[in-house]
Amino acid sequence: MAKSYEDIVKQIEALKIEAEKARKNEMEGVVKRIREAIEHYGLTAADLGLGGGGARKNSQAPVAAKKRRGKGKSAFPSAPLMKFRDEAGNGWGGRGKRPQWLRDALNSGKQLSDFLVKN
């Protein structure tokens, strides 16, 4: 027996719900891998092109001029300087979760001050 229009519409709605669940599950995995890579490499928003500064690459739309609200501090401060660095070149700005390389070093008996960058 052939399916009715109403049955097909219900099936489409059920598939849309299933597709959205699958999308969310896949997206969680992607976000987790991205966060791990950011932490591992010590990337900043500016490294990813999210800092808002500079010209956009490969963009079709023109960049709108920014309006300044005065001479006070910016609502979005620039990325922090590296405060801690190891011999391998791994760095951490001191904000957020400590990267794995630093946690491993601290667990092996080193002190946080051993990695402090002297300016």
Side-chain angles (χ1 to χ4, degrees):
M1 182 172 164
K3 292 182 181 180
S4 71
Y5 173 76
E6 189 175 315
D7 291 337
I8 294 173
V9 170
K10 286 180 183 177
Q11 189 176 9
I12 290 170
E13 290 304 316
L15 287 171
K16 284 182 180 180
I17 292 169
E18 185 179 343
E20 184 60 26
K21 286 180 184 177
R23 182 183 158 282
K24 285 182 180 179
N25 285 340
E26 289 179 20
M27 197 168 61
E28 288 173 4
V30 169
V31 170
K32 181 181 177 193
R33 290 190 303 273
I34 291 169
R35 285 186 176 151
E36 288 171 353
I38 288 170
E39 182 178 315
H40 177 77
Y41 292 103
L43 299 174
T44 65
D47 293 334
L48 300 173
L50 303 173
R56 294 182 186 181
K57 293 181 182 176
N58 300 326
S59 177
Q60 298 293 332
V63 178
K66 293 183 180 182
K67 292 184 179 180
R68 299 292 276 172
R69 287 193 269 172
K71 295 186 179 183
K73 287 189 175 182
S74 169
F76 301 102
S78 62
L81 298 174
M82 285 297 140
K83 293 183 182 178
F84 304 95
R85 189 169 301 279
D86 70 356
E87 307 83 37
N90 296 313
W92 180 52
R95 290 186 176 178
K97 187 177 175 183
R98 287 182 179 165
Q100 190 63 47
W101 66 266
L102 182 56
R103 285 184 274 155
D104 291 343
L106 295 174
N107 288 337
S108 70
K110 294 202 176 192
Q111 299 292 319
L112 191 59
S113 60
D114 296 338
F115 302 99
L116 191 60
V117 175
K118 283 126 179 112
N119 291 335

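Reckoned from all heavy atoms, side chains included, excluding hydrogens, waters and symmetry mates.
- Atoms CG and CG, from L50 and L43 in turn, are 10.5 Å apart once rounded to the nearest 0.5 Å.
- Applying the ring pair (Phe, Tyr, Trp, His ring centres under 6.0 Å) test to residues at least two apart or on different chains, none of the pairs has a partner in residues 22-44.
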Inset, instruction - Please step through salt bridge (Lys or Arg N to Asp or Glu O under 4.0 Å) for the pair E28 and K32, ending with a clear verdict. - result: CA-CA 6 Å; E28 288 173 4; K32 181 181 177 193; over 6 Å; no
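- Residue pairs meeting the side chain to side chain donor-acceptor pair (under 3.5 Å) criterion with at least one partner in residues 98-116, sequence neighbours excluded, are E39-R103, Q100-R103, Q100-D104.
- You'll find the side chain of F84 reaches within 4.5 Å of the side chain of L116, heavy atoms only.
- Contact check on E20 versus K16 returns no salt bridge, with no Lys/Arg side-chain nitrogen under 4.0 Å from an Asp/Glu carboxylate oxygen.
- With values rounded to the nearest 0.5 angstrom, R85 atom CZ is found 12.5 Å from F115 atom CZ.
- Taking each heavy atom of W92 and L102 in turn, the nearest pair found is CE3-CD2, 3.4 Å.
- Residues I34 and L48 are members of one and the same hydrophobic cluster, defined by side-chain heavy-atom contacts under 4.5 angstrom among Ile, Leu, Val, Met, Phe, Trp and Tyr.
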